[in-house]
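This chain uses plain numbering: 1 for the first residue, then up along the sequence. Atoms within a ligand are numbered from 1 in the order they appear, just like the ligands themselves. A quick note: this is a predicted structure, and the numbers were derived from the prediction, not measured.
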Amino acid sequence: MSTNNVWTHKGTFLLAAVGSAVGLGNLWRFPYLAGENGGGAFLLVYALTIFAVGIPILIAETMLGRNSRRSPIMGMRFLTRTHHTSRAWESIGWLGAVSAFVILSFYSVIAGWAIHYTGLMLSGGLIDADAERVAASFDVLLASPPLLALYHSLFIGASALIVGLGVHRGIENGLRILMPALFVILMVVLAYAVMIGDMAAAADFLFTFHLADLSLEGWLEAMGQSFFTLSLGMGAIMAYGAYMSGDASLTGTAFTVAIVDTAVALVAGLAIFALVFGAGLDPAEGPGLMFVTLPLAFGEMPGGTLLGAVFFLLVLGAALSSAISLIEPVAAYLVERFDLSRPQAVSAMVVASWALGLLTVFSFNAWASDSPFHELFGRSPFAVLELLTNIFMPLGGLLIALFAGWVLTHGEVTKEMRTGASWFRVWRLLVRFVAPAAVAFVFLRSIPQVQGYWVPAIGAAVIVGAFAAAHSFLVERHGS
Ligand code: TRP
């Protein structure tokens, strides 16, 4: 029952993987994390983890997809059978499906804000606004459940449309338009930032190396970010890898994805900080950097509204190309396992994720604080969901590294990698020992910060329970 889908060109996997990797993580998360954690020192740890942990796991995950030529859940089932090993490894596929569904639910709500800001920029609503007014307009957006739900629906609907059209007609064609457009827009934003921003201050901020500014927490943030930004550990890359041409080089592709992804984060970071410094604003705003500090800077600069609109379109497009890779693994599974049509499979996944997204919508208003939910769990639903993915993604990555490192045979791996013996040995050392140790370290360190891990445990149990119930319903209707 393997799928016959293969990307049209040898290089399409690269395009799709870059589309998945480049997203809110690069444009929104990376700049503020680097800004908060000592700039250059953060970058160094980030780069180190990308090479020692990120790239080896990226290779491993793509390899599992291409070797099985199936969606992640069916693919892992197939691999456990052909390798006569425990079916427990299927949990890689399941963990990925649950994470995809959870991440999409809140990713879509946040990406939806960019729709709002594109409109706000075009309408000139923030021209010459002072800091208070810009902050107040963000608060107004967050306080409105109907508005948030509307943008959330628009964004998730657009992603569903693309995936629903199919791997070739939807995803490939969509990426072929989106990715070059994103590149052009990024260059326009960069050129503008060079002309009117303070690039020297930005470079100084991002590249000056203050080892003292890098706390242990900063190390962990850098490692976590390198994971998140490459879309690792949750089946998205595996699903795309299943369509990868057998001729394309695994190692070369993985390096290219990591380098392009890092370059985009750096260029975006430089441009954003140049504009922020040029306007004399605070670079350490944290998560509000993109939605409060930056609009303020756009409001003050000549031609800022147009640049602002273009910038938020960039954010929107980058988020869209990531969101489609969140839908694909689950949709492909539903098609493979239950013979659903693509539109049916995509609708099932997206409607469920949309509904879960309402929890995030209400996290910024009705359930922000002193709600029963907040009292019960000590944090907003959004924070609980985010925490869940922070646990599931590294866990998935750890299992993927272990499976590829210890279960796949030497022959299979050399056939997939087609690199020299010494490269192979380096890779295997990294996925067998280094990557698992690094992930375990991040993982164990983050557990004590989770006051009471029963919070994510209950959340996970509820979501997994709902998943299992929906699944057994499908199995019953379809027969096995
Ligand atoms: N890499 C994406 C970004 O930087 C976020 C992300 C994490 C993701 N995991 C993913 C996207 C899985 C798609 C699939 O924004």
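A ring-centre distance under 6.0 Å is not found for Phe155 and Trp354. Between Trp94 and Phe392, the distance from one ring center to the other does not fall under 6.0 angstrom. Aromatic rings from Trp7 and Phe13 are positioned such that their centres are separated by 6.0 Å or more.
Residues Phe403 and Met76 meet the side-chain proximity criterion, which asks for heavy atoms closer than 4.5 Å. Contact check for Ile110 versus Phe382: side-chain heavy atoms found under the 4.5 Å cut-off.
Near ligand 1, residues Ser20, Ala21, Gly23, Leu24, Gly25, Asn26, Tyr107, Phe228, Thr229, Ser231, Met234, Ala236, Ser322, Ser325, Leu326, Met393 each place a heavy atom inside the 4.0 Å sphere around the ligand atoms.
Tyr243 and Glu172 form no side-chain donor-acceptor contact under 3.5 Å, judged by distance and modelled atom types alone.
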